[in-house]
Amino acid sequence: MASVDLTPRLPRKAYGGDGGTYYEWSPADLAMLEIANIGAAKLSLVAGGFSLPSFSDSGKVAYVLQGKGTCGIVLPEASKEKVLAVKEGDALALPFGVVTWWHNLPESTTELVVLFLGDTSKAHKPGQFTNMQLTGATGIFTGFSTEFVGRAWDLAESDAAKLVSSQPASGIVKLKSAQKLPEPSPADREGMALNCLEAPLDVDIKNGGRVVVLNTANLPLVKEVGLGADLVRIDGHSMCSPGFSCDSAYQVTYIVRGSGRVQVVGIDGKRVLEARVEAGNLFIVPRFFVVSKIADASGLQWFSIITTPNPIFSHLAGRTSVWKAISPEVLEVSFNTTPEMEKLFRSKRLDSEIFFAPN
């Protein structure tokens, strides 16, 4: 594991058109994706852009990075789609089998950008999503004969052929001015989306940072996806305490805004990553490895998924750290230090949790 390159990466363009672009991170560039069985991708839609209906081979968490628009979701066995208004900060859990479409409003002055992070343990390609398009040049029904399509839809073969071939684009299109999509329903958002910028804070430390955690309590569908997630915002020059996931989960981190430094330490106390990170970077922390971050002057914001729906973390600094629970005698012997140094060490960080403001 120590030899695996953990360097934060940017995504590559997978496909696109007039309506926008779909980007993905590849295991060829970020080997930890395949090791951790994690997929990562990003959809960017221009004004009027429309991501055609599709389903995926992976459960995912979607996070709206920028803009606002509309999302359509058809849950398995549902008789009607849910149409949600989405905006920056929204997180959605998308279990296996859901059909989704995304749309950026024609009058929008900014792109709609959505991040997708998910579990690829049952996917066709470990570490990579495969999206199955329902229509378009790469749509499922382009592969069936007109006889099969006609029988399935109760159409004449000529009509079936015409319908299947009428959308020449692949994956993403731009709507014509006369084309309209359904209006979103506030009721459809219930239980489907949580805005991480407006939700109650799980951690709020003055001049340090803030956290909103997605779990089965505030977004029940994460149980079906099998993932937890959080949005973390730390202030300028603040530090996120060294910590690790103590339930054997991987931590997948996307930098939303700002910049800073990250260090990861693994087996035998070896530092396996020391890097600068900035908006757009993605990196993965191996199981039980310890990670810490320090923000630059502009602060640092990241969205993470953890490969368990209700994650538990242990921290190695701060008021709630392991050190405060260990007895003074054990600490003294473990560090091979004096009682005076042990008392000095224990007297620090009595009020600080998780995030440490600059001195």
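Computed from a predicted model, the values in this text were never measured in an experiment.
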Exercise for review: Would you check if there is a donor-acceptor pair between the side chains of T146 and E157 at a distance under 3.5 Å?
Suggested key: yes

Exercise for review: Taking side chain to side chain contact (heavy atoms under 4.5 Å, CB included) as the test, write out the residues that go with S121, two or more places apart.
Suggested key: N37, D119

**Study point:** Residues which pass ring-ring contact (aromatic ring centres under 6.0 Å, His included) with F335, listed by chain and number, not counting sequence neighbours
**Key:** W323, F345

Practice item. Pick out which of D5, V285, L6 makes a side-chain contact (heavy atoms from CB on, under 4.5 Å) with M32. Key: L6

**Study point:** Charged N-O contact under 4.0 Å between E88 and R257
**Key:** yes

Check your understanding: Does F116 have any ring-ring contact (aromatic ring centres under 6.0 Å, His included) partners at least two apart in sequence or in another chain, and if so, which?
Key -> W102

Practice item. Report the relative orientation of the aromatic rings in F141 and F144; use parallel for angles under 30°, tilted for 30 to 60°, perpendicular for over 60°. Key: tilted

Practice item. Please lay out, stage by stage, how V272 and V265 fare under the test side chain to side chain contact (heavy atoms under 4.5 Å, CB included). Key: CA-CA 6 Å; V272 292; V265 175; over 6 Å; no

Review point. Taking only residues two or more places apart in sequence or in another chain, which ones pass salt bridge (Lys or Arg N to Asp or Glu O under 4.0 Å) with D159?
Key: none

Review point. Do T138 and S170 get their side chains close enough for a donor-acceptor pair, meaning under 3.5 Å?
Key: yes

Check your understanding: What residues, two or more places apart in sequence or in another chain, satisfy side chain to side chain contact (heavy atoms under 4.5 Å, CB included) together with E34?
Key -> P27, P126

Study note, to complete from the structure: Residue set satisfying salt bridge (Lys or Arg N to Asp or Glu O under 4.0 Å) with D204, at least two apart, ordered chain then number -> none

Study note, to complete from the structure: Those residues at least two apart in sequence (or on a different chain) that pass salt bridge (Lys or Arg N to Asp or Glu O under 4.0 Å) with R151 are none

Check your understanding: Under 3.5 Å, is there a donor-acceptor pair between the Y22 and K42 side chains?
Key -> no

Check your understanding: Does a side chain donor of either Q128 or W25 reach within less than 3.5 Å of an acceptor in the other side chain?
Key -> no

Check your understanding: Quick check, are the ring centers of Y254 and F303 under 6.0 angstrom apart?
Key -> no

Check your understanding: For V277, what residues pass the side chain to side chain contact (heavy atoms under 4.5 Å, CB included) criterion, not counting sequence neighbours?
Key -> P8, I255, V262, N281, F283, L300

Review point. For F355, which residues count as a ring-ring contact (aromatic ring centres under 6.0 Å, His included) partner, sequence neighbours excluded?
Key: none

Check your understanding: Quick check: does any side chain N or O of D202 sit under 3.5 Å from a backbone N or O of V213, one acting as donor and the other as acceptor?
Key -> yes

**Study point:** Residue pairs passing the salt bridge (charged side-chain N to carboxylate O under 4.0 Å, His left out) test where at least one lies in residues 333-349, sequence neighbours excluded
**Key:** E342-R346

**Study point:** With sequence neighbours excluded, residues passing salt bridge (Lys or Arg N to Asp or Glu O under 4.0 Å) with R261
**Key:** none

Check your understanding: Judged by atom type as modelled, is there a donor-acceptor pair below 3.5 Å linking the side chain of S347 to the main-chain atoms of L344?
Key -> yes

Practice item. Give a yes or no on whether a salt bridge exists between R276 and D296, defined as a side-chain N under 4.0 angstrom from a carboxylate O. Key: yes

Review point. Of all residues at least two apart in sequence or in a different chain, which pass the side chain to side chain contact (heavy atoms under 4.5 Å, CB included) check with D90?
Key: V64, V86, K87, L92, R189, N195

Practice item. Indicate whether any N or O donor in one side chain lies under 3.5 Å from an N or O acceptor in the other, for T253 and S304. Key: yes

Check your understanding: Does the pair D57/K122 count as a salt bridge with the N-to-O cut at 4.0 Å?
Key -> no

